[in-house]
Q: 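The structure that follows is given in the form of structure tokens.
Below, each value reflects all heavy atoms present in this structure, side chains not excepted, and no hydrogens, waters or symmetry copies. These figures come from a predicted structure and were not determined experimentally.
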Amino acid sequence: MPQLSERIEIDAPPDRVWPLLSDPAVVAGCIPGATLEEAEGEGVYKGTIRVKFGPTVATFRGEATLAYDHDARRCTIDGRGIDRKGASRATASGTVTAEGDTVTVLTVDGSFNVTGPLETFANAGGVHVARALLQDFAANMAQQAGAQQAGSVSADDDTREPAAAAPAREAGGIGLLWRAFVGWLRQLFTRSRQD
């Protein structure tokens, strides 16, 4: 089962980022290719994520259970999904923690498992694709936090409208694969230096 342990920075303070991270609709809007479909209640949300790998497109439809600890700025996630077209199944679990002062340091720790036709790819390169998606997510979240700050009402101007942030682009294509490949190379060279 592939493991993921990443620390990424979002160029905004945690007190601006955490309320956004606590809103599943905002989070889904920042994940390339993700769509939040409906809330089932009690922290359960249904949605899809569409990922393109060259000519292959996988659309995982499923649900995630989210549990928030607002004092610790931590969210626990358990999810599962199925790509009905390709018959692959995926499960994932982990925690996301937001820390920092002027910049949010997002710590993501978890694991995932993919079975079916995409299993070999997920085991070989899934972590690198996940890292590339996290980088896109962090950039989109920083944009949301910036839009939120730009749209907030100030004491001098109480007529200002909230600014809208652009939705995340679809996951996939050459850019995602290139970032995944570069991540794999970094890991490979880091290991060879340590040996």
Side-chain angles (χ1 to χ4, degrees), residues 4-52 57-84 88-100 103-114 126 129-152 161-172 176:
L4 183 68
S5 185
E6 290 294 307
R7 288 172 60 90
I8 55 175
E9 290 187 356
I10 299 173
D11 193 19
D15 51 344
R16 251 195 0 244
V17 172
W18 180 249
L20 298 172
L21 288 171
S22 301
D23 184 337
V26 172
V27 170
C30 290
I31 300 171
T35 305
L36 183 66
E37 293 175 356
E38 59 188 272
E40 293 286 299
E42 296 187 27
V44 179
Y45 297 87
K46 290 191 179 243
T48 60
I49 185 162
R50 186 172 190 262
V51 183
K52 210 183 215 183
V57 176
T59 303
F60 286 93
R61 177 168 277 121
E63 66 181 34
T65 303
L66 308 175
Y68 295 98
D69 179 344
H70 294 288
D71 292 334
R73 291 184 177 144
R74 180 180 302 120
C75 178
T76 303
I77 305 163
D78 285 301
R80 63 182 180 187
I82 184 169
D83 173 34
R84 290 202 170 105
S88 290
R89 295 177 183 272
T91 59
S93 63
T95 59
V96 177
T97 307
E99 300 171 307
V103 171
T104 300
V105 177
L106 206 61
T107 303
V108 180
D109 290 303
S111 60
F112 62 91
N113 188 41
V114 177
V129 171
R131 286 180 181 142
L133 284 172
L134 280 172
Q135 291 300 319
D136 284 351
F137 170 77
N140 293 330
M141 185 58 68
Q143 184 181 27
Q144 282 278 23
Q148 178 193 45
Q149 182 182 23
S152 63
E161 293 293 319
R169 59 187 164 74
E170 181 179 273
L176 178 63

Q: Please walk me through it: do L134 and L106 pass side-chain contact (heavy atoms from CB on, under 4.5 Å)?
A: CA-CA 10 Å; L134 280 172; L106 206 61; 5.7 Å; no
Q: Could you tell me which residues satisfy salt bridge (charged side-chain N to carboxylate O under 4.0 Å, His left out) with R7, sequence neighbours excluded, listed by chain and number?
A: none
Q: Taking only residues two or more places apart in sequence or in another chain, which ones pass side-chain hydrogen bond (donor to acceptor under 3.5 Å, both in side chains) with S5?
A: D109
Q: Specify the closest pair of heavy atoms between H70 and S22, including all atoms of both residues, with the distance to one decimal.
A: CE1-OG, 3.5 Å
Q: Between A138 and I8, what is the shortest heavy-atom contact and its length?
A: CB-CD1, 3.8 Å
Q: For E6, enumerate each residue passing the salt bridge (charged side-chain N to carboxylate O under 4.0 Å, His left out) test, keeping only those at least two apart in sequence or located in another chain.
A: R131
Q: Minimum heavy-atom separation for S88 to V114, with atom names?
A: CB-CG1, 4.4 Å
Q: In Å, rounded to the nearest 0.5 Å, how long is the span from CZ of R74 to CD of E99?
A: 8.0 Å
Q: Tell me every residue that passes side-chain hydrogen bond (donor to acceptor under 3.5 Å, both in side chains) with E40, counting only those two or more places apart in sequence or in another chain.
A: none
Q: In Å and rounded to the nearest 0.5 Å, what is the OG1 to CZ distance from T91 to F60?
A: 10.5 Å
Q: Among residues at least two apart in sequence or on other chains, which ones pass side-chain hydrogen bond (donor to acceptor under 3.5 Å, both in side chains) with S111?
A: none
Q: Within the side chain of D83, is there an N or O that forms a donor-acceptor pair under 3.5 Å with the backbone of T59?
A: yes
Q: From L20 CG over to M141 CE, what is the distance, rounded to the nearest 0.5 angstrom?
A: 5.5 Å
Q: Determine whether more than 12 heavy atoms belonging to other residues, nucleotides or ligands lie under 6.0 Å from atom CG of D11.
A: no
Q: How long is the gap from CG on D23 to CG on L36, to the nearest 0.5 Å?
A: 9.0 Å
Q: T104 and A12: which non-hydrogen atoms are nearest, and at how many Å?
A: OG1-O, 2.6 Å
Q: Start with the C-alpha gap between V27 and F137, add the side-chain angles, then the distance that decides, and say whether side-chain contact (heavy atoms from CB on, under 4.5 Å) holds.
A: CA-CA 8 Å; V27 170; F137 170 77; 4.0 Å; yes
Q: Just wondering, do C75 and L21 contact through their side chains at under 4.5 Å, heavy atoms?
A: no
Q: Looking only at heavy atoms, what is the nearest atom pair of A145 and R16, with distance?
A: O-NE, 3.5 Å
Q: Below 4.5 Å, heavy atoms only, C-beta onward: do P19 and V26 meet side chain to side chain?
A: no
Q: Which residues pass the salt bridge (charged side-chain N to carboxylate O under 4.0 Å, His left out) test with E37, not counting sequence neighbours?
A: R61
